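If you read the sequence from its start, that first residue is 1, and numbering goes on from there. Just so it is clear, the values below take in all heavy atoms, side chains as well, and ignore hydrogens, waters and symmetry mates. All values reported here derive from a predicted model rather than from experimental measurement.
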Amino acid sequence: MVELRLNAGNIISPDVHKIGVIALGSHLENHGPALPIDTDAKIASYIAFNASLESGAKYLGVIYPAHEIDEIHHGIHNSLEEVSNEIINVLNSAKKFLSIDKVIIINGHGGNLPIVACLNEIEDKTGLLVTLNSKIIESEGPHGGTGELSMAKVLGILNEEEVKNQDDTRTYGEIGLSAFKEARANDPNIEEGARDIEENGVYVDEDYGKQLLNLAINSVLLDIQKLLDSY
């Protein structure tokens, strides 16, 4: 068997090869006219890939299905069981072929947050230590709002001609989740975000987008370092 040079290249530790990073977003949901339907998946993938580049951790790609809570209908989503099973299948494949023993899931879609309840099962069925990083969800603000617009500008996925229509919540009810009254009533954060867009609109700030993405990448790098410290 070939002896791999685990310390070669720009990596933070040879042990980083035992750690995988994978994106979890959403590929099929509306984000208003200025953003594509796979905005969350692309943002999460960007964060995961760049954290992999900076650390040397294994980039494992992106999970295809995504979940959403029952009160919100702005796309095509999957059951929590389907998402969990797909994560298990992909991680088992990564473990088999790449010999990883720890993984960080970078979540870019708020509807996936209930996956927290499945983490123990995912760990049990993969034999991996799993960390869920949802820093970008905590930081970006309302759905289809200024945060996502600004990051989309950085990523080059923004339709700038449509930004002027991005605060038209009557036509595009998914913006700020403004059309989903039950979700707004049940979650103060959703209500706050919807009101913010309804009252103040949205804008694009490329520097702000870079700050959000760097904040999220650094959060993943911190998680990677914590996992390395446990070896």
- [ ] Could you tell me whether a side-chain N or O of N92 sits under 3.5 Å from a main-chain N or O of K125, the two making a donor and an acceptor?
- [x] yes
Task: Check: S13 and D229 side chains under 4.5 Å, non-hydrogen atoms - done: no
Task: Linked, directly or transitively: L221 and I137 (ILVMFWY side chains, under 4.5 Å) - done: yes
TODO: Please check if atom CG in N10 has more than 12 non-hydrogen atoms from other residues, nucleotides or ligands closer than 6.0 Å.
DONE: no
- [ ] Verify, without hydrogens or angle tests, whether K95 (side chain) and T126 (backbone) share a donor-acceptor contact under 3.5 angstrom.
- [x] yes
Open item on the list: Could you check whether any side-chain N or O of H143 sits under 3.5 Å from a backbone N or O of N30, counting only pairs where one atom can act as donor and the other as acceptor?
Closed with: yes
TODO: Working to the nearest 0.5 Å, report the span between CG of L155 and OG1 of T39.
DONE: 9.0 Å
- [ ] Please report the C-alpha distance between N50 and E54 in whole Å, then the side-chain angles of each, then the deciding distance to 0.1 Å, and finally whether the side-chain hydrogen bond (donor to acceptor under 3.5 Å, both in side chains) criterion is met.
- [x] CA-CA 6 Å; N50 278 275; E54 292 192 33; over 6 Å; no
- [ ] Mark yes or no for whether N214, through its side chain, and K210, through its backbone, hold a donor-acceptor pair below 3.5 Å.
- [x] yes
Task: Spatial distance of atom CG (N85) from atom CG (N78) [nearest 0.5 Å] - done: 11.0 Å
TODO: Look at the side chain of S84 and the backbone N and O of L80, then say whether any donor-acceptor pair between them is shorter than 3.5 Å.
DONE: no
TODO: Might you point out which heavy atoms bring A48 and I106 nearest each other, and give the distance in Å?
DONE: CB-CD1, 3.9 Å
TODO: For the residue pair L158 and V204, establish whether any side-chain heavy-atom pair is separated by less than 4.5 Å.
DONE: yes
Open item on the list: Check for me, please, whether M151 and Y208 land in the same ILVMFWY cluster - side-chain distances under 4.5 Å, paths through other members count.
Closed with: yes
- [ ] Give the ring-plane orientation class for H74 versus H109, where under 30° counts as parallel, over 60° as perpendicular and anything between as tilted.
- [x] tilted
TODO: Mind checking the CG-CD spacing from L212 to E138? Nearest 0.5 Å is all I need.
DONE: 12.0 Å
- [ ] Taking the side chain as every heavy atom from C-beta outward, state whether N133 and S219 have any atom pair closer than 4.5 Å.
- [x] yes
Open item on the list: Distance check, rounded to the nearest 0.5 Å: K18 atom NZ versus L227 atom CG?
Closed with: 12.0 Å
Task: Distance in Å, K58 NZ paired with I22 CD1, rounded so as to fall on 0.5 Å steps - done: 14.5 Å
Task: 4.5 Å side-chain heavy-atom contact, S230 and K102 - done: yes
Task: Flag, side chain of D38 to backbone of A41, donor-acceptor distance under 3.5 Å - done: no
Task: Heavy-atom donor-acceptor pair, E121 side chain to C118 backbone, under 3.5 Å - done: no
- [ ] Identify the two heavy atoms, one from P142 and one from D196, that lie closest to each other, and give their separation to 0.1 Å.
- [x] CG-OD2, 4.4 Å
TODO: Please tell me if the side chains of S45 and Y59 come closer than 4.5 Å, counting only heavy atoms from C-beta onward.
DONE: yes
Open item on the list: Do I43 and V154 land in one hydrophobic cluster if side-chain heavy atoms of ILVMFWY residues count as linked below 4.5 Å?
Closed with: yes
- [ ] Please tell me if the side chains of K135 and N218 come closer than 4.5 Å, counting only heavy atoms from C-beta onward.
- [x] no
TODO: Give me the one residue out of H27, H67, E29 that meets side chain to side chain donor-acceptor pair (under 3.5 Å) with H77.
DONE: E29
TODO: Measure the shortest side-chain to side-chain distance between L24 and V83 over non-hydrogen atoms and say whether it is less than 4.5 angstrom.
DONE: yes
TODO: May I ask you to say whether E160 pairs ionically with K153, meaning some side-chain N is under 4.0 Å from a carboxylate O?
DONE: yes
Task: Path from V16 to L98 over hydrophobic side-chain contacts below 4.5 Å - done: no
Task: Working for side-chain hydrogen bond (donor to acceptor under 3.5 Å, both in side chains), residues T146 and D205 - done: CA-CA 8 Å; T146 294; D205 183 335; over 6 Å; no
- [ ] Might you confirm whether atom CD of E199 has over 12 heavy atoms from other residues, nucleotides or ligands at distances under 6.0 Å?
- [x] yes
Open item on the list: For the NZ atom on K164, are there more than 12 heavy atoms of other groups (residues, nucleotides or ligands in this structure) within a distance under 6.0 Å?
Closed with: yes
Open item on the list: When you measure from the side chain of Q166 to the backbone of G145, do you find a donor-acceptor pair of N or O atoms at a distance under 3.5 Å?
Closed with: no
Task: From CD1 (I100) to CG (L128), nearest 0.5 Å - done: 5.0 Å
Open item on the list: With clusters defined by side-chain heavy atoms of hydrophobic residues (ILVMFWY) lying less than 4.5 Å apart, directly or transitively, does L129 cluster with L119?
Closed with: no
Task: Any V21 side-chain heavy atom under 4.5 Å of I224 side chain - done: yes
Task: Flag, side chain of E140 to backbone of E148, donor-acceptor distance under 3.5 Å - done: no
